[in-house]
Amino acid sequence: MHLLQDETTTGPERRAALARLTDHWLAGLFERAAAQSGVTGAALVAVGGYGRGELSPRSDLDLLLLHDGKASPQEVAALADHLWYPLWDLGLDLDHSVRTLAEARRTARDDLKAQLGLLDARHLAGSPDLTTALRTASFADWREAAPKRLPELHALCLDRADRQGELQYLLEPDLKEARGGLRDVTALRAVAASWLADAPRAGLEAARGCLLDVRDALHLVTGRATDRLALQEQDQVAAALGLLDADTLLRQVYESARTISYAGDVTWREVGRVLRARSVRPSLRGLMSGRSGRTAGKGERSPLAEGVVEHDGEVVLARTARPERDAVLPLRAAAAAAQAGLSLSPHAVRRLAAAARPLPVPWPAEAREELLTLLGAGAHTVPVWEALEAEGIITRLLPDWERVRCRPQRNAVHRWTVDRHLVETAVRASALTRRVHRPDLLLMAALLHDIGKGWPGDHSVSGETIARDVAARLGFDAKDTDVIATLVRHHLLLIETATRRDLDDPATVAAVAQVVRSAGTLELLHALTEADALATGPAAWSRWREGLVADLVRRVGGLLAGEPDATTPTPWEPTAEQERLAIEAWRTGEPVLALHTRVEPPPMEAPEPPPSGAAPRSAGGDAPTRTPGPAGRPDPVEHPEPAGPQESGGSQEPVGVELLIAVPDRPGILPATAGVLAVHRLTVRAADLRVMPLPDELSGAAEQGRDGRAAPRAEAEPRPVTGTGSAAARRPMLLLSWRVAAEYGSLPQAVRLRADLVRALDGTLDIPARLAERERAYARRSRRLQAPPPRVTVAPGGSRSATVIEVRAQDAQGLLYRIGRALEDAGVTVRSAHVSTLGANAVDAFYVTDPDGSPLPPDTATEVAQAVERALK
């Protein structure tokens, strides 16, 4: 009792002292009992938690009376009675058994829990040889049976997690039984004892010690042997541990549980890999791999992204990866893992945490896009995010994350901590990206909407300031930063207004309209409201709430639509270089290509935007490419060297390559070009297609022999593409401006791109077959991401002179080719196209007309949209 009241002895020191006192007392008790019973061949063994030499104030005693079988049953029973009754008389909780060595081994073979207890066997009194024999046999039996028992142990852990929940998210957690609790640490010790795998050691012992300390304090506060940290006792437990308050206590508990849960995930994944490898005979593995010697059985390494490969079911760094030189590599690896539905190798994450250099501020566009790709991967985002958090990479990338990490939410509606809720909201938002014109802004607002909960005061007000700072740090432009900040500041506006105000009162609708100010922001706020509610818990979203919010959004949207348009679109005009390329293509009658290293330009507006934002902008806030790089005339078939830091604008970094293509208008240009890029593994980050009719002066020169003298500028307002009916000399030029990047490896040479484009146009390059072959190879090495289905719609009133077809889909190889092919098959003419990749989402707008250059009739437009959607499924 003195030891329990001594405030100077706490934690591991007190548990060890309790165990030593109990050991001494039990040893004396055993000696007297042995003398009274006359039994000599016996030993008293501590197992389980007591066997590990740690006792909490109210812990039970796990004891095994081990004997050699030479004494009579009556003598052994007398020995047991002399041992157990004094313990019962003192009111101690006792888990006891009496067995020979053979009986103990037989029981362990039939009872997994008994076998686990023997792995912690520790000698207390009697014959040490018996205890040594027991330990030796127990470990040998465990290692021999491990391939069979480990899956059984894993199943027990999963079943316990289903029943008890996850410790790191529970307001009244069971410190022992919940996932991430003390039972899981015991299971990890058993895995290590099997010699098949081992848990990550970093922080694991400290996490276990923290949970034990909390349980000690809980026992002392309640006076009971309990493992459940009830709400009414948390303040007292926090005070007993010298902590500020119950929230601080829960945060420490959650952090420890998260460490244990992550160690368990990594360990069980490794166990599965080892057992699968053992199930294949070494000789068969050699035959399957087609290798011999040292390389046999090493496994194939499939590239996923630059510096990132898949190996044996995990994402690892390529042998050539240099994280100390590549600041974007952690995000690129994480995005690749999430998109492929694979786990990040713990070794790779540790290496990235130790070696990767900090990102510049503001972030380069690639880093921003990789973060958006990670957030847009749906449920696969969560384990990858947890792997980055386990090594501190998230707080290094987003310093404000530290204040919400493992922060509890004392609200029965919330099922997650603040940080997990933010990630879950992004997961939910990823399923709603087809509903919005800017999925990148939706995903960022989802990740940041509750970031202010780490600060005092109204979290929406604090969050707006933090979100504005984070968005600017990530490189979003001022306009996009304002939208993100507005979404964070008002992320509760719709749900609170819809459920607390009279929607029939015009003032209610007007107040919301005054805050959101635009249809685009309203669209984003609607999706964010739903994602936030779904990520909160079942009680936060219902058909009733959904209907109220939808009704409010409809009313506010109608009010906003009635306001006059305050901006007039600026007509597009080609640059001098674009004109030169068009003239050269007109002279030769063949495609002309130019490649330039590109840095981020300032945002630019697209002409005639539809209400939801035709010509959507890229994840970095920049518009689809409108202008090339250097103004000087490039060689149409040579790829210039990338510009150095001074050439590319000081601290700005290249974000891809600008590919300009000028080609005489003809059917099939868009799908052919998109197909060639896909065949060469080029990711299209942004694209723009425009028609450049040649002026009458140049057309007249063509009729006189195409002398190509001084060419006036092309018309600012392009005429619809007819594709037929004009003389070849008067045929307008198509100008395609692409921002592309290699999936991995180096960029292809421009001469190869041009040659394949010519072949695609004349029909000698079978693009569908090439893409199908690549798709089969990709499917073999990675799981398919469960992405939301594509959505193709007609933007009402999107343009006065064309019909706007909007496509929102998961970015994938050959996506733009399939869209172009479907539009071509529908018999429509693509007057202009504005393509943008926002993280993992493609958001494309196609301005199409009928062959006569007129907008499509409504019924026809709907049929075209449906045909494109079918082609993407």
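Note that the numbering runs from 1 along the sequence shown for the chain.
With hydrogens and angles ignored, the 3.5 Å screen pairs a side-chain donor or acceptor of Y254 with a backbone N or O of L170. Under the 3.5 Å distance criterion, the side-chain polar atoms of E370 are left unmatched by any main-chain donor or acceptor of A335. Checking side-chain atoms of T433 against main-chain N and O of S430 turns up a donor-acceptor pair under 3.5 Å. T395 contributes a side-chain N or O that, together with a main-chain N or O of G392, makes up a donor-acceptor pair within less than 3.5 Å. A distance-only check finds no donor-acceptor pair linking the side chain of R831 to the backbone of Y847 [under 3.5 Å]. Side-chain atoms of E166 do not come within 3.5 Å of backbone N or O of A257 as any donor-acceptor pair.
Here H490 pairs with T486, L493, V515 under the side chain to side chain contact (heavy atoms under 4.5 Å, CB included) rule; sequence neighbours left out. In this view, R818 and L815, L872 satisfy the side chain to side chain contact (heavy atoms under 4.5 Å, CB included) rule, not counting sequence neighbours. Remark: A445 pairs with L487, L528 by the side chain to side chain contact (heavy atoms under 4.5 Å, CB included) rule, at least two apart or across chains.
The side-chain heavy atoms of L447 and L398, taken from C-beta on, include a pair separated by under 4.5 Å. Looking only at side-chain heavy atoms (C-beta outward), V418 and I451 stay at 4.5 Å or farther from each other. Here the side chains of L492 and H459 are in contact, with some heavy-atom distance below 4.5 Å. Residues K873 and P790 meet the side-chain proximity criterion, which asks for heavy atoms closer than 4.5 Å. In this structure, T373 and D811 have side chains that are not in contact, with every pair of non-hydrogen atoms separated by 4.5 Å or more. A heavy-atom distance below 4.5 Å is not found between the side chains of L503 and V509. Side-chain atoms of L560 and S518, non-hydrogen and from C-beta on, never get closer than 4.5 Å to each other. L250 has its side chain within reach of Q234: a pair of non-hydrogen atoms, C-beta onward, lies under 4.5 Å apart.
Within 6.0 Å of CZ on R396 lie more than 12 heavy atoms contributed by other residues, nucleotides or ligands. Summarising the local packing, CD of Q514 is surrounded by 12 or fewer heavy atoms from other residues, nucleotides or ligands at distances under 6.0 Å.
The stretch residues 421-431 participates, sequence neighbours left out, in these salt bridge (Lys or Arg N to Asp or Glu O under 4.0 Å) pairs: R420-E424. Applying the salt bridge (Lys or Arg N to Asp or Glu O under 4.0 Å) test to pairs two or more places apart or on separate chains, those with a residue in residues 534-552 are D551-R554, D551-R555.
Closest heavy-atom contact between T849 and A802: CG2-CB, 3.9 Å. In terms of heavy atoms, L167 sits closest to G180 at CD2-O, 3.5 Å. The two atoms that bring A531 and A429 nearest to each other are CB-N, 3.7 Å, heavy atoms only. When all heavy atoms of L371 and W363 are compared, the closest pair comes out as CD2-CZ3, 3.8 Å. Here the closest non-hydrogen pair linking L448 and L422 is C-CD2, 4.4 Å. Between I393 and P330 the shortest heavy-atom distance is CG2-CB, 4.4 Å.
The line from OG1 of T425 to CG of D532 is 5.0 Å long, rounded to the nearest 0.5 Å. Rounding to the nearest 0.5 Å places CG of L525 at 9.5 Å from NE2 of H491. From L375, atom CG reaches atom CE of M444 across 6.5 Å, with rounding to the nearest 0.5 Å. To the nearest 0.5 Å, atom CG of residue L534 and atom OG1 of residue T529 are 10.5 Å apart. Rounding to the nearest 0.5 Å gives a distance of 9.0 Å between CG of L372 and CG of N841. To the nearest 0.5 Å, the span separating OG1 on T803 from CD1 on I805 amounts to 6.5 Å.
The residues E366 and R368 are annotated as not salt-bridged, no charged nitrogen and carboxylate oxygen being separated by less than 4.0 angstrom. The pair R403-D419 does not count as a salt bridge, with every side-chain nitrogen at least 4.0 angstrom from each carboxylate oxygen. Ion pair R438/D440 flagged as a salt bridge, since at least one NZ, NE, NH1 or NH2 atom sits closer than 4.0 Å to an Asp/Glu carboxylate oxygen. No salt bridge links R407 with D247; every basic N to acidic carboxylate O contact stays at or beyond 4.0 Å. Comment: E255 does not engage R258 in a salt bridge, judged by the lack of any side-chain N to carboxylate O separation of less than 4.0 angstrom. The existence of a salt bridge linking R228 and E177 is excluded, since no basic side-chain nitrogen approaches an acidic carboxylate oxygen closer than 4.0 Å. By the 4.0 Å N-to-carboxylate-O rule, K453 lies close enough to D450 to be salt-bridged with it.
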Trace of the side chain to side chain contact (heavy atoms under 4.5 Å, CB included) decision for R435 with E530 = CA-CA 12 Å; R435 283 175 27 183; E530 182 174 341; 2.7 Å; yes

Residues R179, D162; criterion salt bridge (charged side-chain N to carboxylate O under 4.0 Å, His left out); working and verdict | CA-CA 8 Å; R179 181 175 182 266; D162 287 340; over 6 Å; no

Would you sort out whether H380 and Q339 count as a side-chain hydrogen bond (donor to acceptor under 3.5 Å, both in side chains), showing the intermediate values?
-> CA-CA 7 Å; H380 295 312; Q339 286 293 311; over 6 Å; no

Which is it for R468 and I484 under the side chain to side chain contact (heavy atoms under 4.5 Å, CB included) test, yes or no, and what are the steps along the way?
-> CA-CA 7 Å; R468 192 175 295 278; I484 293 172; over 6 Å; no

Could you give me the CA-CA distance, side-chain angles and deciding distance for V470 and F476, then say whether side chain to side chain contact (heavy atoms under 4.5 Å, CB included) is met?
-> CA-CA 9 Å; V470 172; F476 286 96; over 6 Å; no

Residues W401, E389; criterion side chain to side chain contact (heavy atoms under 4.5 Å, CB included); working and verdict | CA-CA 10 Å; W401 196 259; E389 271 209 293; 2.8 Å; yes

Under 3.5 Å donor-acceptor pairs involving side-chain atoms of residues 860-870, not counting sequence neighbours:
residue	atom	partner	partner atom	Å
T862	OG1	P858	O	3.1
E869	OE1	V792	N	2.9

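A donor-acceptor contact closer than 3.5 angstrom links the side chains of T248 and D245.
The one candidate from R415, Q409, H449 that meets the side-chain hydrogen bond (donor to acceptor under 3.5 Å, both in side chains) condition with H421 is H449.
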